[in-house]
Asks: 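Quick one: the structure is below, and I'll ask about it shortly.
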Amino acid sequence: MTEEEMLALCADHDFIYKTGKEKMMICMGDNSDAILIIRLNRDHTLGFPSNIGFYPEERCWHWDEKNQNLLFTDATDKNIVAKYAAPVVEEGKYLVLRNLTKADTWYVSYMAFNMENQVQVRANLSKQSILMASGMHTDDEQVQVDAYVIYKQAEVVWLEAQTDWQLINAAWQKIVQDSELQRTCVVLHGLPSITEDVFPAKLKLEFGDETGLQLIAGPRRNVLSVLSQLLIEHNREILSVEECLPPAKLIQDIYVDGRR
């Protein structure tokens, strides 16, 4: 891969910095939109399109065609401070640069991602939240979730839960405690489409053939109402020693068949 070929692949992409096994984003400053994101400029400098408060050590880039490595240098452009493998496309979705010496990654979520074309993260993140449980999602799904922070102005809240009912209970408690929350999306299985409205104006329920109830989304009062009804019926089943139905079946009984 030549430098021009590398640039053609990376052009117009903004790379979100990820670190550690959890692939966490980091912020460079106190602003809510100070996520560390870089851009490869054609003059061999690194651009920083987000609202960071200070700059990282990496300030310039060079392409090592012989070894097929991307080198990041400091502000003097004389000292190499990081070395990354050639960019690769993974799963047809991500353009990834992997650090060759540390578990750090510059990565872009979804091929069309560009900060200038997206609404930046602002201080109103608490107004709408995606509620999920890390124990119920794969590592790859947890990495993809960061795209919602950028695309949807969404705060992603990870709750402690291993089962559907534990997540429903934890989500109910979170929503009750957060009076400023306007809309929310409780994700039990899978991930909502990045191209669809994660926070619809009306209540939305999604089901999967194998997973059952996948998500509950909509205005705070509507989502809270569904969660409350589910928990009431589930607790009644436990106390009466009845068979405990899964959430999807309970919703069918309550809202479709009217059996309760």
Asks: Would you please test Leu159 and Val157 for side chain to side chain contact (heavy atoms under 4.5 Å, CB included) and show each step?
Replies: CA-CA 6 Å; Leu159 302 173; Val157 179; 3.8 Å; yes
Asks: Is a side-chain N or O of Trp63 found less than 3.5 angstrom from the main chain of Leu7, in a donor-acceptor match?
Replies: no
Asks: Distance-only, no hydrogens or angles: does the Asp43 side chain make a donor-acceptor pair with backbone N or O of Thr45 under 3.5 Å?
Replies: yes
Asks: Kindly determine whether Ile251 and Gln229 satisfy side chain to side chain contact (heavy atoms under 4.5 Å, CB included), including the steps that lead there.
Replies: CA-CA 9 Å; Ile251 287 179; Gln229 190 66 38; over 6 Å; no
Asks: Just verifying a value: how many Å separate Leu36 CG and Ile38 CD1, rounded to the nearest 0.5 Å?
Replies: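 Reported value, rounded in 0.5 Å steps: 7.5 Å.
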Asks: Please identify which of these residues, Leu230, Ile232, Leu231, meets the side chain to side chain contact (heavy atoms under 4.5 Å, CB included) condition with Leu250.
Replies: Leu230
Asks: Under the side chain to side chain contact (heavy atoms under 4.5 Å, CB included) criterion, do Asp74 and Arg59 qualify, and how do the steps go?
Replies: CA-CA 5 Å; Asp74 61 12; Arg59 300 296 294 277; 5.6 Å; no
Asks: Among the clusters formed by ILVMFWY side chains lying less than 4.5 Å apart, do Leu46 and Tyr55 turn up in the same one?
Replies: yes
Asks: Hey, are the side chains of Glu65 and Glu5 touching, using non-hydrogen atoms and a 4.5 Å cut-off?
Replies: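 They are not in contact (no side-chain heavy atoms under 4.5 Å apart), so the answer is no.
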Asks: Could you list who else is in Leu215's hydrophobic cluster, with ILVMFWY side chains joined at under 4.5 Å, directly or through other members?
Replies: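 None; Leu215 is a cluster of one.
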Asks: Rounded to the nearest 0.5 Å, what's the gap from CG on Asn69 to CG on Leu100? Could you check?
Replies: 5.0 Å
Asks: Tell me the closest heavy-atom pair linking Pro219 and Ala201, and the distance in Å.
Replies: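 Of all heavy-atom pairs spanning Pro219 and Ala201, the closest is CG-O, 3.1 Å.
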Asks: So, the side chain of Arg183 versus the backbone of Ala217: is there a donor-acceptor pair under 3.5 Å, distance only?
Replies: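 No; judged by distance alone, with no hydrogens or angles, the pair does not exist.
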Asks: Is it the case that more than 12 heavy atoms not belonging to Gln68 sit under 6.0 Å from its CD atom?
Replies: yes
Asks: Side chains of Lys83 and Leu71: does their closest heavy-atom pair fall under 4.5 Å?
Replies: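 Yes, their side chains come closer than 4.5 Å.
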Asks: At what distance, to the nearest 0.5 angstrom, does NZ of Lys249 lie from CG of Leu213?
Replies: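 Atom-to-atom, Lys249:NZ and Leu213:CG are 14.0 Å apart.
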Asks: So, the side chain of Asn169 versus the backbone of Trp165: is there a donor-acceptor pair under 3.5 Å, distance only?
Replies: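 Not confirmed, Asn169 side chain does not pair with Trp165 backbone.
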Asks: Can you tell me how the ring of Phe72 sits relative to the ring of Tyr84, calling it parallel under 30°, perpendicular over 60° and tilted otherwise?
Replies: tilted
Asks: So, taking the atom named OG1 in Thr73 and the one named CD in Glu57, what distance separates them when rounded to the nearest 0.5 Å?
Replies: 10.0 Å
Asks: Are Ile37 and Phe48 packed together at the side-chain level, in the sense that at least one heavy-atom pair is separated by less than 4.5 angstrom?
Replies: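 Result no, sub-4.5 Å side-chain heavy-atom pair not found.
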Asks: Could you tell me whether Trp172 atom CH2 has more than 12 heavy atoms of other residues or ligands within 6.0 Å of it?
Replies: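 It does not: Trp172 CH2 has 12 such atoms or fewer within range.
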Asks: Please examine the side chains of Leu40 and Leu70, heavy atoms only from C-beta on, and report whether any two atoms are closer than 4.5 Å.
Replies: yes
Asks: Verify side chain to side chain contact (heavy atoms under 4.5 Å, CB included) between Met6 and Trp61, making sure each step is shown before the conclusion.
Replies: CA-CA 12 Å; Met6 188 276 297; Trp61 68 270; 3.5 Å; yes
Asks: Please tell me if the side chains of Trp158 and Met132 come closer than 4.5 Å, counting only heavy atoms from C-beta onward.
Replies: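 Yes; the side chains approach each other to less than 4.5 Å.
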Asks: Is a side-chain donor or acceptor of Ser129 paired with a backbone partner of Thr184 at a separation under 3.5 angstrom?
Replies: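 No: the side chain of Ser129 does not pair with the backbone of Thr184.
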Asks: Does the side chain of Asp64 reach to within under 4.5 Å of the side chain of His62, using non-hydrogen atoms?
Replies: no
Asks: So which heavy atom on Ala82 is nearest to which on Glu58, and how close?
Replies: CB-OE2, 3.9 Å
Asks: Can you check whether Ile175 reaches Arg220 side chain to side chain, under 4.5 Å on heavy atoms?
Replies: yes
Asks: Looking only at heavy atoms, what is the nearest atom pair of Pro247 and Ile168, with distance?
Replies: CG-CD1, 3.7 Å
Asks: What pair of heavy atoms forms the shortest contact from Leu131 to Ala171, and how long is it?
Replies: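 Taking every non-hydrogen atom into account, CD1-CB, 3.9 Å.
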Asks: On a heavy-atom basis, which atom in Leu167 and which in Val187 lie closest, and how many Å separate them?
Replies: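 Minimum heavy-atom contact is CD2-O, 3.3 Å.
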Asks: Spell out, yes or no, whether Met1 and Phe15 are grouped together once hydrophobic residues are joined by side-chain heavy atoms under 4.5 Å, including indirect joins.
Replies: yes
Asks: Are Leu97 and Ile80 connected, step by step, through hydrophobic side chains (Ile, Leu, Val, Met, Phe, Trp, Tyr) whose heavy atoms are closer than 4.5 Å?
Replies: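 Not linked; separate clusters.
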